[in-house]
Engineer: 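Below: one structure in structure tokens.
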Amino acid sequence: MTNIEVTLDIARTLGLREEEFLQIKNILGKTPNYTEISIYSVMWSEHASYKNSIKWLKTLPRKGKQIMIEAGEENAGMVDIGENIACVFKIESHNHPSAIEPYQGAATGVGGINRDIFTMGARPIAQLNSLRFGDLNLERTKWLIKGVVKGIGNYGNAFGVPVVGGEVFFDESYNTNPLVNAMSVGLLKKGETISATAKGIGNPVYIVGSATGKDGIHGATFASADLHEDSADDIPSVQVGDPFAEKLLLEATLELAKSGAIVGMQDMGAAGIICSTSEMSARGNCGMKIDLDKVPLRQKNMEPFEILLSESQERMLIVVEKGKEEVVEQIFDKWDLNREIIGEVIEQDQLLFYKNSLLVADVPASTLVLGGGAPVYDREYTEPQYLKEIQKYDIKNIELPKNMVDVARFMLKRPNLVSKKWVIEQYDTMVRTDNISTNFEADAGIVNIKKTDKALALTTDCNSRYVYADPKKGTEIAVSEAARNIVCSGGEPLAITNCLNFGNPYNPEVYWQFVGAIQGMGNACLKFGTPVTGGNVSFYNQTQIAGVVEPIYPTPTIGMLGIINDKNHIMTLSFKNKGDMIFVIGENKEDISSSEYLVAYHKVKKSPAPYFDLDTEYKLQQIIKKLIKNNLIRSAHDVSDGGLFIALVESALANGFGFDITTDADIRTDAFLFGEAQSRVVVSVTPNKENQFIDFLIKQEFPFLALGHVTKGELRIDDVSYGFIEDIRKDFETVLEKMIES
């Protein structure tokens with residue numbers, strides 16, 4: 001294919017538009033050859049260039065005193081957490097590969113995000129994930145979740161980093177296009193960061209790690225197009241991971257980082273060699289001369305474009321200080337990894353690729369990256385038609401169930417609300433012994449920072465139903481809930497990374513959702529002082545079957561980092577003692593909008609986002625912080641999916657207690673128990689601190705309500721028994737496994 005004549009039709013098959021093909025011809029001053037057009041097709045894909053999103057991404061708040069590297073400057077964001085320590089973290093998607101081959105798609109997503117962390121010189125210490133699947137009654141959904149969870153577990157466990165948090169959500173909008181968002185977090189000493197920048201004319205360029213094969217070719221292009229009935233034929237676009245090779249690569253690169261030999265380093269993720277060479281060169285205002293014959297291959301007769309675009313895993317590109325080659329080679333020989341000099345840094349803004357001594361591609365490095373020649377679009381957007389149906393919703397038209405015990409039993413079997421124990425048990429949550437608790441014990445995952453009084457608090461959050469109903473408010477809620485989870489765990493929110501999962505950006509209604517989500521994210525991040533450190537955009541999450549295209553629910557997943565400055569103030573969600581008083585802080589509302597209860601029990605899919613006010617949410621979080629600092633509460637758990645009832649059950653289950661509460665006669669019982677109005681936290685208080693607690697809240701002039709008290713094991717609401725906690729546990733912890741394995 002190297003000698004094939006490139007035409008507009010060929011460019012289109014590679015995902016390029018006519019105007020982009022003409023722009024490439026203008027840049028090169030000629031018609032590109034097949035290798036060159038392949039290079040532009042991946043580097044100008046949405047996945048690599050953000051051409052349809054960057055305009056709005058730039059409006060997000062990205063500065064803060066804690067921010068050490070601004071979004072887009074390096075492979076991941078970096079935050080100052082004190083004690084001369086920096087935290088590096090990022091979340092990314094691997095949706096389309098996981099839809100086609102769930103095990104490898106998810107596994108390589110984990111591997112790729114970990115490399116983003118350790119390529120900066122940080123050792124990964126924690127992983128989180130956010131997963132979305134379709135209707136769990138479908139065999140395909142069961143196949144997808146089994147493969148994805150096994151892929152995440154097997155890769156992460158072998159690599160040796162614990163999973164400390166995450167979320168799993170089911171909705172038919174994800175039936176054939178699951179979302180697999182993986183987050184990795186690492187630590188390093190300040191001043192020891194490795195930059196992803198090439199510089200120094202004549203410095204050698206190494207490729208290190210695994211050999212290069214044909215897996216993942218045009219993977220970035222694959223991620224920048226709609227899934228369709230024949231997407232399974234794109235299986236070469238799915239990479240194959242080897243966690244043991246990645247573990248060796250981690251140790252080798254961290255050892256190399258201390259040698260003083262590295263000038264710059266970048267992992268090879270999407271678009272492989274071409275991405276690493278172009279981005280490193282562009283950052284350093286230089287170019288590279290690369291001999292593709294020197295690249296270690298695991299398959300014969302690979303063409304130049306295949307070598308350049310391969311997304312084979314566990315590889316790095318490293319620019320080394322000339323004269324220190326022996327240092328590099330000794331380290332990689334020690335770890336039994338490939339290390340080959342494949343080229344050198346050159347002064348001019350060109351990437352020169354040779355094969356069999358022939359120049360097979362000659363492209364300006366700066367034209368491949370954002371801010372250089374890559375296109376930037378301003379898409380049109382239109383308010384969706386479905387909003388008209390949402391506006392017709394009226395709670396008065398929803399009949400109040402006669403038997404709330406039956407409703408509660410129904411809710412306790414919903415896949416979105418029950419324990420994710422089946423998932424969690426496939427992950428190693430304790431490897432490295434750094435984590436103090438997972439977000440299955442507290443509202444956030446908590447990771448110890450050894451030799452300090454500090455700990456990290458980590459979470460991933462998004463309710464896509466809320467975003468579908470109101471993108472701006474729904475994303476404000478996503479950021480707020482992430483911050484609320486951090487705060488309820490005893491932490492202070494610091495910064496976010498995001499994974500923006502949407503449908504086709506050329507659909508004006510989808511783009512309207514995207515714009516609204518960005519606006520809501522910006523509002524909330526400014527309010528909580530949590531700048532955006534980076535992340536990724538994943539468009540084209542929809543499936544075309546028999547000519548019908550359906551976008552997924554818009555899902556702007558928020559990964560948030562918080563700091564707990566005093567480990568003595570870590571707060572868990574569990575009730576601690578029989579007789580402790582239970583309160584809800586925040587105002588209960590006559591609101592069941594977009595709740596799991598409304599959707600699942602009443603089958604009403606279109607309703608507004610639940611009640612939410614950003615200023616109220618901010619004040620609530622400041623109050624929770626003070627309550628924890630002053631040791632006035634024993635537990636804290638935010639009210640979110642499933643409402644107050646599910647929050648109470650989760651707090652009771654942890655230590656096997658029950659509760660006895662009274663509802664508010666002024667609010668519909670279903671709204672009180674199952675509504676998802678925001679800005680509420682369930683807390684427990686010892687009797688001897690109850691008066692002090694109440695006095696404090698009265699001074700804050702913030703609404704709260706005494707619900708009842710912790711009991712030995714029975715759940716009672718308004719003097720009616722809702723069962724015993726151990727009986728509830730049997731179903732709550734096994735429902736998901738039974739549905740998946742049935």
Engineer: Is Asp615 salt-bridged to Lys527, cutoff N-O under 4.0 Å?
Structural biologist: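 The answer is yes: the pair qualifies as a salt bridge.
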Engineer: Decide yes or no on side chain to side chain donor-acceptor pair (under 3.5 Å) for Lys576 and Asn655, but give the supporting numbers first.
Structural biologist: CA-CA 7 Å; Lys576 304 298 188 299; Asn655 288 327; over 6 Å; no
Engineer: Angle class for the Tyr597/Tyr601 ring planes (parallel below 30°, perpendicular above 60°, tilted otherwise)?
Structural biologist: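 Parallel, since the angle between the ring planes stays under 30°.
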Engineer: Is there a side chain to side chain donor-acceptor pair (under 3.5 Å) between Gln127 and Tyr427? Walk through the geometry before answering.
Structural biologist: CA-CA 10 Å; Gln127 296 176 150; Tyr427 302 151; over 6 Å; no
Engineer: Is any NZ, NE, NH1 or NH2 atom of the basic residue among Glu83 and Lys454 found under 4.0 Å from an Asp or Glu carboxylate oxygen of the other?
Structural biologist: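 No, Glu83 and Lys454 are not salt-bridged.
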Engineer: Please determine whether a side-chain nitrogen of the Lys or Arg among Glu617 and Arg484 lies less than 4.0 Å from a carboxylate oxygen of the Asp or Glu.
Structural biologist: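 Yes, this pair counts.
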Engineer: Could Lys396 and Asp394 be called an ion pair, given the rule that one side-chain N must be under 4.0 Å from one carboxylate O?
Structural biologist: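 Between Asp394 and Lys396 there is no salt bridge, as every charged N stays at least 4.0 Å from the carboxylate O atoms.
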Engineer: Can you label the angle between the Phe704 ring and the Phe693 ring as parallel, tilted or perpendicular, going by 30° and 60°?
Structural biologist: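 The rings of Phe704 and Phe693 stand perpendicular, inter-plane angle above 60°.
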Engineer: Hey, does the Lys NZ or Arg CZ of Lys473 hover above the aromatic six-ring of Phe612, less than 6.0 Å from the centre and inside 45° of the axis?
Structural biologist: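 Pair Lys473/Phe612 does not count as cation-pi.
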Engineer: Do the side chain of Asn541 and the main chain of Ser538 share a donor and acceptor less than 3.5 angstrom apart?
Structural biologist: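 At least one qualifying donor-acceptor pair exists.
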Engineer: Assess whether a salt bridge exists between Glu726 and Arg729, defined as any Lys/Arg side-chain N lying under 4.0 Å from an Asp/Glu carboxylate O.
Structural biologist: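 Yes, charged N to carboxylate O under 4.0 Å.
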Engineer: Under a 4.0 Å N-O cut-off, is there an ion pair linking Glu92 with Lys90?
Structural biologist: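 Salt bridge present between Glu92 and Lys90.
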Engineer: Whether the side chain of Lys578 engages the backbone of Gly658 through a donor-acceptor N/O pair (distance < 3.5 Å, no angle test) should be reported.
Structural biologist: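 Checked: no pair found.
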Engineer: Under a 4.0 Å threshold between the charged nitrogen and the carboxylate oxygen, would Glu737 count as salt-bridged to Lys421?
Structural biologist: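 No, this pair does not count.
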Engineer: Are Asn485 and Asp461 close enough, and set up right, to give a side chain to side chain donor-acceptor pair (under 3.5 Å), and what steps lead you there?
Structural biologist: CA-CA 9 Å; Asn485 284 330; Asp461 290 283; 3.0 Å; yes
Engineer: With ring centroids as reference points, do Phe514 and Phe502 lie under 6.0 angstrom apart?
Structural biologist: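 Close enough - the centres of the two rings lie under 6.0 Å apart.
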Engineer: Should the heavy atoms of other residues, nucleotides or ligands under 6.0 Å from NZ of Lys605 be counted, would the total exceed 12?
Structural biologist: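 Open: at most 12 neighbouring heavy atoms sit under 6.0 Å from NZ of Lys605.
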Engineer: Should Arg132 and Glu167 be marked as a salt bridge (Lys or Arg N to Asp or Glu O under 4.0 Å) after you check the CA-CA gap, both sets of side-chain angles, and the distance that decides it?
Structural biologist: CA-CA 8 Å; Arg132 300 289 194 283; Glu167 54 179 355; 3.4 Å; yes
Engineer: Any chance NZ of Lys625 has more than 12 other-residue heavy atoms, nucleotides or ligands included, within less than 6.0 Å?
Structural biologist: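 Above 12, so yes.
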